[in-house]
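Structure first, then comments.
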Amino acid sequence: MSAPALERPADGPVDTAALQQQFDAVIAAGHRIEPRDWMPEGYRKTLIRQIAQHAHSEIIGMQPEGDWLLSAPSLRRKAILLAKVQDEAGHGMYLYSAAETLGADRADLTDKLITRKQKYSSIFNYPTPTYADVGVIGWLVDGAAICNQVPLCRSSYGPYARAMIRVCKEESFHQRQGYELLMTMMRGTPEQRAMVQDAVDRWWWPSLMMFGPPDDDSPNSAQSMAWGIKRHSNDELRQRYVDMSVPQAEVLGVTLPDPELALDPATGRHRFGAIDWDEFKQVISGSGPANAERIARRRAARDDNAWVTEAATAYAAKHAADAA
Ligand SMILES: [Fe+2]
Ligand SMILES: [Fe+2]
């Protein structure tokens, strides 16, 4: 489905009202906005903020599991984990590219990440003390990411929506490998089963926080939904995730750490306990268990590898000059 062009005519005065009207019509028709189309400044800024935050999450998200690459329990587990962590780097790259189509600069976005002017998902600020964490991140964290991202495949901004299609396919692999690892551990020794339960106890509540604040405390959500950037509210997606995870936990044989979790027979949906939003606010504002470490490592990666960027830039410039 291609949207009608929203380009400004080459001559004559700019009729912003007409452009806005065309933009609104494209959104209302469920068509896509493309990089060269006219768009309101608020739409562009909101998208840059959301896509950058998403890209940062993919890149920072390499760290908690990346810590296990050198001590994976077998060659097979190591190969799987390596592929997964590489996928996350790829997701970050697609997303930074999508942000660039809106006029953002990749180096500037990285700068904003490491100076904490832009955020990333709160979930990656929790530690990974055992290998069961690798499995639980795959099952719960990638599972929550899928719930969040599948609707983004229909986001109104073309490059973002297309990036999400590829990303979601890879996230499904991540979720399955996590679940398979946990299944294997649950068939193992009592100590292994206890490790899985302990990891589930630590990750369940933070995974519910991944959907963001409750709808009545999420000031930008309504506008993002009106623009077709978001398709479902935070609470709606969180509910979908809980309903999806409960039967998976039963099959696995673990208990989700919420005594209030219960199926509501009237709605067919699960009721669940209160989320600790104070913890969420602390972690998202920089005071989580691993925030400082994550940012310090990202900063070191940028600084230590600056010579690669410089060499590649110089080479590209020379190549362009030779070709001219
Ligand atoms: Fe990812
Ligand atoms: Fe993933």
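Counting starts at 1 for both ligands and their atoms, in listed order. All figures in this text were calculated on a predicted structure; none of them were measured in a lab.
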Exercise. With 2.8 Å as the limit, jot down which protein N, O or S atoms are around the Fe ion (ligand 1).
Key: E58 OE1, E88 OE1, H91 ND1, E171 OE2

Quiz item: Considering all heavy atoms of both residues, which atom of W139 and which atom of L182 are nearest to each other, and what is their separation?
Solution: CE3-CD1, 3.7 Å

Quiz item: Is R269 close to V242 at the side-chain level, that is, under 4.5 Å between some pair of heavy atoms?
Solution: no

Practice problem: Spell out, as yes or no, whether a donor-acceptor pair under 3.5 Å connects the side chain of D264 to the backbone of H270. | Solution: no

Exercise. Look at the aromatic rings of F280 and W277 and report parallel, tilted or perpendicular, splitting at 30° and 60°.
Key: perpendicular

Quiz item: How far apart are the closest heavy atoms of S245 and L140, and which atoms are they?
Solution: OG-CD2, 4.4 Å

Quiz item: Of L152, I229, I33, which is the lone residue that meets side chain to side chain contact (heavy atoms under 4.5 Å, CB included) with Y157?
Solution: I33

